[in-house]
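Worksheet: the structure to be examined is printed underneath.
What's counted below: heavy atoms across the whole structure, side chains too, no hydrogens, waters or symmetry copies. As the structure is a computational prediction, the values presented were derived from the model and not from experiment.
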Amino acid sequence: MKQEEWIKNLKLAIIKEDIESIASLIKTLDPHQGKLEEIRALLQEAIKIVSSKKESIAQDIKKLQRASKYIK
């Protein structure tokens, strides 16, 4: 995959918050590509998204655990 296409696909995955696509693209990252600063910035944004999703899921799990106490 060409560098420009890879960057475009990563940007789309970040916009869509598609964690699976982000992970797949990271696996195919060629560290010898140019534009490393742009790639680094995009990967930092991807990390923020993944962290945010992780925290959101953890909060949802806690809410479900509390709710299950009242249902029982």
Side-chain angles (χ1 to χ4, degrees):
M1 178 183 310
K2 293 183 179 181
Q3 176 186 11
E4 293 299 321
E5 183 181 353
W6 188 92
I7 291 173
K8 179 183 170 187
N9 289 340
L10 182 60
K11 287 179 182 178
L12 287 172
I14 290 171
I15 290 169
K16 293 179 182 178
E17 298 184 359
D18 184 354
I19 295 173
E20 290 83 22
S21 293
I22 292 170
S24 175
L25 287 165
I26 289 172
K27 289 179 185 176
T28 64
L29 175 63
D30 180 5
H32 302 321
Q33 294 179 5
K35 297 189 177 185
L36 290 178
E37 285 301 313
E38 183 178 3
I39 292 171
R40 184 176 68 81
L42 289 169
L43 291 175
Q44 286 176 337
E45 189 63 31
I47 289 169
K48 288 178 189 175
I49 289 171
V50 170
S51 295
S52 174
K53 291 266 186 184
K54 181 180 171 184
E55 289 172 14
S56 175
I57 290 170
Q59 289 175 354
D60 289 344
I61 289 172
K62 286 180 183 178
K63 288 177 186 176
L64 289 172
Q65 287 172 338
R66 285 187 220 139
S68 70
K69 290 179 185 177
Y70 294 106
I71 294 173
K72 291 181 181 179

- Excluding sequence neighbours, so at least two apart, what forms salt bridge (charged side-chain N to carboxylate O under 4.0 Å, His left out) with E4? K35
- Query: Looking at CD1 of I49 and CD of E45, how far apart are the two atoms once the value is rounded to the nearest 0.5 Å?
  - Reply: 5.0 Å
- Note on the structure: Which of I14, L10, L43, L42 passes side-chain contact (heavy atoms from CB on, under 4.5 Å) with L25? It is L10
- Do the non-hydrogen side-chain atoms of E38 and K11 ever get within less than 4.5 Å of each other? yes
- In the single-linkage hydrophobic clustering (I, L, V, M, F, W, Y; side-chain heavy atoms under 4.5 Å), do I39 and I19 co-cluster? no
- How far apart are the C-alpha atoms of E37 and R40, what are their side-chain angles, what is the distance that settles it, and do they pass the salt bridge (Lys or Arg N to Asp or Glu O under 4.0 Å) test? CA-CA 5 Å; E37 285 301 313; R40 184 176 68 81; 3.0 Å; yes
- Query: Can you hop from W6 to I47 via hydrophobic side chains spaced under 4.5 Å?
  - Reply: no
Expected list for residues 52-67: side-chain donor-acceptor pairs under 3.5 angstrom, two or more places apart:
{"residue": "K53", "atom": "NZ", "partner": "E17", "partner atom": "OE1", "Å": "3.4"}

- Beyond-backbone contact of D18 with L12, side-chain heavy atoms, under 4.5 angstrom: no
